[in-house]
Amino acid sequence: MTSHSYEIALFGEFLKGDLEPVLNRVALHSESAHQMHSREVIFDPPDATLQREANQEPALLRAKKELLEPDAKWLLYSYWKPESARIHPEATVRPWATVQVEGDALSFASALGYIKRSQIYKRGYIFRRGRLVIQIFQEEQVDPKTEEPIPAHADTLWQVVVKTANPVRGTQELPLGRHTEAVLEIQALMKGLLDLRRQDV
């Protein structure tokens, strides 16, 4: 049993020439797929400067909204430092807390004292396989005047995140290792076409 809920993930990237074969292989092993376009805003906690001066990395607050879903709500979430590679050498395992917010999540975060640090848009595709999601996307920069996305350059790297769709806990019936095995199955399926790996993010 574990007290935290976790995200278990692998990461990769590839050039535009590999997009079609990557999409085809992922689609072959997925249950569903749709386009994605999301906005993500990152906030520093109120005491971020003090934490950094003390050589501690603050836990950032992130706000995310899917722009292609008409009724999508904002999701606020935060990660803690990933578990040690000695304990989880094959995948990134990090505590993950989430909450859905009705209404203006950005103003809500500001009212709590969080300070907007940056934002990014992501456009691409999302696939579902069991308890996992596979995101394949390009990052779009933000127009500083309008805060609208600037379309990614054609040569912008495509990024891949394979992860648990929701926070998971290790239980006797379903230990964390089983979730990790599901992520590693995707790594094996993509071998020779896409290198998926652990990252200390």
Taking C-beta and beyond as the side chain, do [X] and [Y] meet within less than 4.5 Å on heavy atoms?
X	Y	value
Leu176	Ile8	yes
Thr164	Arg131	no
Asp47	Thr49	no
Ile42	Gln119	no
Leu68	His34	no
Val133	Phe127	no
Tyr125	Phe137	no
Ile134	Val161	no

Same apolar cluster (I L V M F W Y, side chains within < 4.5 Å links), [X]/[Y]:
X	Y	result
Ile136	Leu157	no
Leu60	Tyr6	no
Met36	Leu75	no
Leu28	Val162	no
Leu132	Leu193	yes

Can you confirm whether [X] is buried at [atom1], in the sense that more than 12 heavy atoms of other residues, nucleotides or ligands lie under 6.0 Å from that atom?
X	atom1	result
Gln35	CD	no
Lys116	NZ	yes
Phe108	CZ	no
Arg197	CZ	yes

Item to check | Pair Glu139-Arg123, side chain to side chain contact (heavy atoms under 4.5 Å, CB included): steps then yes or no | outcome: CA-CA 7 Å; Glu139 289 189 349; Arg123 186 189 295 270; over 6 Å; no
Rounded to the nearest 0.5 Å, what separates atom [atom1] in [X] from atom [atom2] in [Y]?
X	Y	atom1	atom2	value
Arg94	Ser5	CZ	OG	14.5 Å
Ile186	Lys191	CD1	NZ	15.0 Å
Asp195	Gln187	CG	CD	7.5 Å
Gln51	Asn55	CD	CG	11.5 Å

Item to check | Arg62 and Leu76: CA distance, side-chain angles, deciding distance, side chain to side chain contact (heavy atoms under 4.5 Å, CB included) verdict | outcome: CA-CA 6 Å; Arg62 302 164 189 262; Leu76 289 179; over 6 Å; no
Item to check | Ring center gap for Trp96 and His4 short of 6.0 angstrom | outcome: no
Between [X] and [Y], does at least one N-O distance fall below 4.0 Å, as a salt bridge requires?
X	Y	value
Lys65	Glu40	no
Arg39	Glu66	no
Arg25	Asp18	no

Checklist entry - Between the side chains of Glu140 and His37, does any donor sit under 3.5 Å from an acceptor? => result yes
Item to check | Modelled atom types, side-chain donor and acceptor of Glu7 and Tyr79, under 3.5 Å | outcome: yes
For [X] and [Y], work out which heavy atoms get closest and say how close.
X	Y	result
Phe14	Leu19	CE1-CA, 3.5 Å
Trp74	Ala105	CB-CB, 3.3 Å
Leu196	Gly12	CD2-N, 3.9 Å
Glu90	Leu10	O-CD2, 3.2 Å
Pro82	Asp200	CB-OD1, 4.2 Å
Gly113	Pro46	O-CG, 3.3 Å

Any donor-acceptor pair under 3.5 Å from [X] side chain to [Y] backbone:
X	Y	answer
Thr156	His153	yes
Thr146	Glu148	yes
Arg128	Gly130	yes

Checklist entry - Can you list the steps and then say if Val142 with Tyr121 is a side chain to side chain contact (heavy atoms under 4.5 Å, CB included)? => result CA-CA 7 Å; Val142 181; Tyr121 288 83; 3.7 Å; yes
Next on the checklist: Does the Lys NZ or Arg CZ of Arg117 fall within the cation-pi geometry relative to Phe43 - under 6.0 Å from the ring centre and within 45° of the axis?
Outcome noted: no
Next on the checklist: Restricting to side chain to side chain contact (heavy atoms under 4.5 Å, CB included), what partner residues turn up for Asp71, sequence neighbours left out?
Outcome noted: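 Checked Asp71 against side chain to side chain contact (heavy atoms under 4.5 Å, CB included); zero matches.
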